[in-house]
There are 2 protein chains.
Amino acid sequence: MTPVTQTTTAPDVDRQLAAALRNRGQRVTSQRLVIHRALRELDRHVSAEQVLDAVRPRLPGISLPTVYATLELLEELGTVRRVSRAHGPALFDPRPDPHHHLVCRVCGRVQDFDAPLDLDAATAAAAGQGFAPDRCELVVSGRCADCAAAG
Amino acid sequence: MTPVTQTTTAPDVDRQLAAALRNRGQRVTSQRLVIHRALRELDRHVSAEQVLDAVRPRLPGISLPTVYATLELLEELGTVRRVSRAHGPALFDPRPDPHHHLVCRVCGRVQDFDAPLDLDAATAAAAGQGFAPDRCELVVSGRCADCAAAG
DNA sequence: CTTTTTGCAAATGATTTGCATTAAC
DNA sequence: GTTAATGCAAATCATTTGCAAAAAG
């Protein structure tokens, strides 16, 4: 008995991605499905290399260029967000709902952050300047709990 | 007759940087002064290469590694903010006061944005998680006025 | 005079590209 | 069958590093 409130099951995630790809006239490949599924399972900010390591057991011949291409595709589909950083590779955030980030300027760590923030006025102001907003993200830089404690 | 409300004059900017450097036991070099001055004069988001081009007339032998090192130093001093981007070099923002950014995901353009936004609650929430906030920036991605009109 | 900063050349690291092969459709 | 996607190798681009020479204090 599957309650209607249940979290999306794995094959369901696959079906959603497949549908989105077909909508765009693009092909449903095992690489795309496995990378997409792995991101959902990892459920944290990961680099392209980390994605590669995570999927290699299930896709022995996978290559880094394919991982990058797929991550870019998933970003276009809106299921992944790329977070560019100084002093390190970009991270990919699999959380699809709007949320914010805490970025440690000492260790580079990026944490999700659910900020109490009303973005309606800001979004309207951006639109008032002719800008067509897509996403609004608050980026808080500082020292994470660990680095603040250390020194 | 210099009104007291006048914008900081160039030599004044130099003196402020020199003082900050001496405070940290670092040396006041012409490269640092000229790069700092150029950023203030450019008054827009620029890449390290663009900074190099801007200062070369005044510093014929300047090198890109020095520009990078100086920009990093100025970031530590809080007079410049680095904005990392996908698909392009980092940009350096010479505006010292808190403000936000509109990032075009079509052409990559980054504009300053004075958002009507109350960050006190968000800052407090970050602190509540043990994070020591330093800066809060809203990043709005979407299409800039030009790209929205075109595409 | 001592130590930091610079410029240069070279290294590094992330990401992208070209192209032949493979797999979707 | 046709066309898009993949894997590989190599290229590219931004940024950093090592080290001898120059400049600051």
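In the text below, chain A, chain B and the rest are named by the order of the sequence lines, each starting its count at 1. Keep in mind that what you see is a predicted model, and the values were worked out from it rather than measured.
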note: Glu72(B), atom CD; dT4(C), atom C1'; distance rounded to Å ~ 16 Å
Rounded to whole Å, CZ of Arg32(A) lies from P of dA4(D) at a distance of 11 Å
When Ile62(B) and His87(B) are each assigned the nearest nucleotide of DNA chain C, the 5'-most assignment goes to Ile62(B)
(message) Just to be sure I understand the rule, does Ala48(B) reach a base, reach only the sugar-phosphate, or reach nothing, if contact means heavy atoms closer than 4.0 Å?
(response) nothing
**Report entry** Presence of Thr29(B) side-chain N/O under 4.0 Å of dT5(C) phosphate oxygens OP1/OP2
**Finding:** no
The answer to which of Ser30(B) and Gly61(A) contacts DNA chain D further toward the 5' end, by nearest nucleotide, is Gly61(A)
Rounded to whole Å, CD of Glu49(A) lies from P of dA14(C) at a distance of 7 Å
Note to self: Taking Asp14(A) first and then Arg37(A), would you say they form a salt bridge - that is, a charged N and a carboxylate O separated by under 4.0 Å?
What the structure shows: yes
- Query: Between Leu73(B) and Gln26(B), is any pair of side-chain heavy atoms under 4.5 Å apart?
  - Reply: yes
Leu52(A) CG to dT16(C) P, in whole Å, measures 15 Å
Notebook entry, point to check: Looking across every strand, which nucleic acid part, if any, lies under 4.0 Å from Pro65(A) by heavy atom: base, sugar-phosphate, or nothing?
Noted result: base
From CZ of Arg24(B) across to P of dT4(C) the rounded distance in Å is 14 Å
Of the candidates dG25(D), dT15(D), dG7(D), the side chain of Leu64(B) sits closest to dT15(D)
Between Asp12(A) and Arg40(A), is there a salt bridge with N-O shorter than 4.0 Å?
-> no
Rounded to whole Å, CZ of Arg56(A) lies from P of dC8(D) at a distance of 10 Å
Side-chain contact check for Arg82(A): nearest option of dA5(D), dT5(C), dT16(C) is dT16(C)
Between CD1 of Ile35(A) and P of dG7(D) the distance, given in whole Å, is 8 Å
On the 0 to 90° scale, with breaks at 30° and 60°, tag the Tyr68(A)-Phe92(A) ring pair as parallel, tilted or perpendicular.
perpendicular
Rounded to whole Å, the CZ-P distance (Arg85(A) to dT15(D)) equals 14 Å
Of dT6(C), dT16(C), dT15(D), the nucleotide closest to the side chain of Tyr68(B) is dT15(D)
Base, sugar-phosphate, or nothing for Gln31(B), non-hydrogen atoms under 4.0 angstrom? sugar-phosphate
_Just N and O in the side chain of Thr66(A): are any of them under 4.0 Å from OP1 or OP2 of dT6(D)?_
no
Side chain proximity check, Ser84(A) to Arg85(B), heavy atoms < 4.5 angstrom: no
task = Examine the base of dT3(C) for any acceptor or donor lying under 3.5 Å from a partner atom in the side chain of Arg27(B), and report the outcome as yes or no.
result = yes
